[in-house]
Amino acid sequence: MRSLRAAAAFAAATALTATACGGGTATGGGSNDSPKTLTYWASNQGPNIEADKKILTPELKKFEKQTGIKVKLEVIPWSQLLNRILAAATSGQGPDVLNIGNTWSSSLQAGGALLPWDAKRFGEIGGKDRFVPAALGSTGAQGKDPAAVPLYSLAYALYYNKKMFKDAGVEKPPATWEELVADGKKLSKGGKWALGAEGSNLVNNIHQAFVLGKQHGSDFFDDAGKPTFTSDGAVAAVKQYVDFMAKDKIIAPGNAEYAQNQSLQDFAKGKTAMVLWQAAATTFEAHGMKPADWGVAPVPSGTPGADKQVNSMVAGINLAVFKNTDNRDGAVKFVKFMTSDAEQTVLNKAYGSIPPIKAAQKDAAFARPETSVLRDTLSKSAAPLPQVPNESQFETTVGTAIKELFADAAEGRPVTTASVKSALTKAQQQMPKS
């Protein structure tokens, strides 16, 4: 996930144009005349970096065998990825192809460092209509050519521990937030807790607040792209999320400090009965859980307000090419390979994510209970985060406000509508004026 330092630096970095040198030559790659080598920065998708290397290396060998182009792979942790991208955009010492979180697309697009994907370029990889529309909705600002191509699609689901539910007499996963709180109070006993959270993870905070905001009729931005963080819906959404700890007492106070997937470890150890997460199966299995130990259901909804059917943001990973790479032809070939029907099936199976390619979704692997929930959520009830140039700053300022409110809750300080509005007012004041 993104670091606070990286996101704080984003405004200055994205103001730069793409006058910096590209990635190919700077990293010892090839060129359009001699495309022998590509450098690829992959985001950490598996339980650890070594797992990613084990998954990706044989696939990159396939590409080399097909094209003669060798791919130099570096898997980068989320805590470092945005910093590395910003440094590459300003110095030119970067890769040819890279992963970006799909919520970064508009902000990076505004900086001009990424190759635009117009209709002609999409034609080089098989056409835009191969992709699921929801995934394309998080590739850049509306009315502009996308800044990236969808690679892995994800959505949030509710994961629940079957044994803990049975022991507490809870017969089925909650379908509404009211049910979640009621069930949560039955589950939060004896040193165990109902719901896990990552209170110090700014990005995760935003994902949860955004969904609740949609259910309360707020997008956090107006149609002109100006922040509306202090609207009644936004305030209600943030308060509802923090109240799971502050008022309802179904999240452990210690979760206020979590930012490195500790809530998943607690779930796997039977300390927490539920988590809201994207494609968590691989991590649970790495921590010793068996698939039969946990269940998966759609994220609850039911809060009054507009767009109440939304129960997830459109999550996922996009594949981007640096605009001034010296090996543009090779980079486009690599994107074509990675988004081919065959590779999409292999890679998304490995990561437990959903292919953004329609044809690949037909594979039986994506009909399993977990992936079926994620796939149905993406197609029916997910919405993209605001595709505005200042989206990154939104995640930093509002994500930090929620982090601080969780800290208040953990210390027993009151979290009121007034205190939430004050925190969001401060966040809005920190946003760029233009």
Side-chain angles (χ1 to χ4, degrees), residues 1-20 43 78 81-91 94 98-118 121 134-150 202-203 205-207 209-210 213-214 218-231 234 313-324 383-402 424-434:
M1 294 292 183
R2 301 191 212 183
S3 68
L4 177 58
R5 178 181 167 215
F10 200 92
T14 53
L16 295 173
T17 62
T19 55
S43 55
W78 280 101
L81 185 58
L82 187 58
N83 270 335
R84 296 283 300 275
I85 294 172
L86 297 179
T90 56
S91 71
L98 71 158
N99 287 179
I100 61 174
N102 67 355
T103 64
W104 298 346
S105 295
S106 293
S107 296
L108 289 169
Q109 181 184 52
L114 302 182
L115 183 73
W117 287 84
D118 57 17
R121 190 156 288 118
L136 287 172
S138 294
T139 54
Q142 291 185 359
K144 295 183 178 181
D145 290 327
V149 172
L202 310 188
V203 178
N205 285 343
I206 287 297
H207 293 174
F210 170 74
K214 293 290 285 185
S218 171
D219 284 331
F220 287 91
F221 289 87
D222 63 20
D223 292 341
K226 295 182 179 180
T228 57
F229 302 166
T230 58
S231 69
M313 46 83 70
V314 177
I317 306 302
N318 290 344
L319 195 60
V321 175
F322 266 109
K323 188 174 182 180
N324 288 346
L385 282 172
Q387 298 294 296
V388 295
N390 292 330
E391 193 279 332
S392 177
Q393 292 92 330
F394 160 55
E395 294 191 15
T396 303
T397 59
V398 175
T400 299
I402 297 172
L424 292 176
T425 297
K426 178 182 176 182
Q428 185 160 310
Q429 290 170 344
Q430 294 172 344
M431 291 290 287
K433 301 301 180 183
S434 56

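Under the ring-ring contact (aromatic ring centres under 6.0 Å, His included) criterion, F394 pairs with F220, F221, F229, not counting sequence neighbours. Scored by the salt bridge (charged side-chain N to carboxylate O under 4.0 Å, His left out) test, R121 finds no partners at all (sequence neighbours excluded).
Of all heavy-atom pairs spanning T230 and Q428, the tightest one is N-OE1, 3.7 Å. The two residues A401 and L424 come nearest to each other via the heavy atoms CB-CD2, 4.5 Å. T103 and E391 get closest at one heavy-atom pair: O-OE1, 2.7 Å. Nearest heavy atoms, A113 versus A89: CB-CB, 4.1 Å. Closest of all the heavy-atom pairs between P432 and Q393 is CG-NE2, 3.9 Å. Taking each heavy atom of A320 and A147 in turn, the nearest pair found is CB-O, 4.0 Å.
A donor-acceptor pair under 3.5 Å links the side-chain atoms of Q109 to the main chain of A141, judged by distance alone. Under the 3.5 Å distance criterion, the side-chain polar atoms of T90 are matched with a main-chain donor or acceptor of A87. Judged by distance alone, with hydrogens and angles left aside, the side-chain atoms of N102 form no donor-acceptor pair with the main-chain N or O of A135 at under 3.5 Å. Judged purely by atom type and a 3.5 angstrom limit, T396 uses its side chain to pair as donor or acceptor with the backbone of S392.
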(request) May I have the step-by-step check of side chain to side chain contact (heavy atoms under 4.5 Å, CB included) for L385 and H207, ending in yes or no? (result) CA-CA 8 Å; L385 282 172; H207 293 174; 3.9 Å; yes

(message) Test side chain to side chain contact (heavy atoms under 4.5 Å, CB included) on N205 and V398; report intermediate values, then the result.
(response) CA-CA 8 Å; N205 285 343; V398 175; over 6 Å; no

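Counting only heavy atoms from C-beta outward, the side chains of N99 and N318 never approach each other to under 4.5 Å. Taking the side chain as every heavy atom from C-beta outward, T400 and L202 approach each other to under 4.5 Å.
Taking CG of L136 as the start and CH2 of W117 as the end, the distance is 12.0 Å to the nearest 0.5 Å. Atom CG of L114 sits about 6.5 Å away from atom CZ of F322, to the nearest 0.5 Å. Distance check: L98 CG to L319 CG gives 7.5 Å after rounding to the nearest 0.5 Å. One finds the CD1 atom of I317 at 9.0 Å from the CD1 atom of I100 (value rounded to the nearest 0.5 Å).
Each of S105, S107, S106 was checked for a side chain to side chain donor-acceptor pair (under 3.5 Å) with Q387, and the lone residue meeting it is S106.
Counting only residues at least two apart or on different chains, the salt bridge (Lys or Arg N to Asp or Glu O under 4.0 Å) pairs with a member in residues 82-91 are E74-R84.
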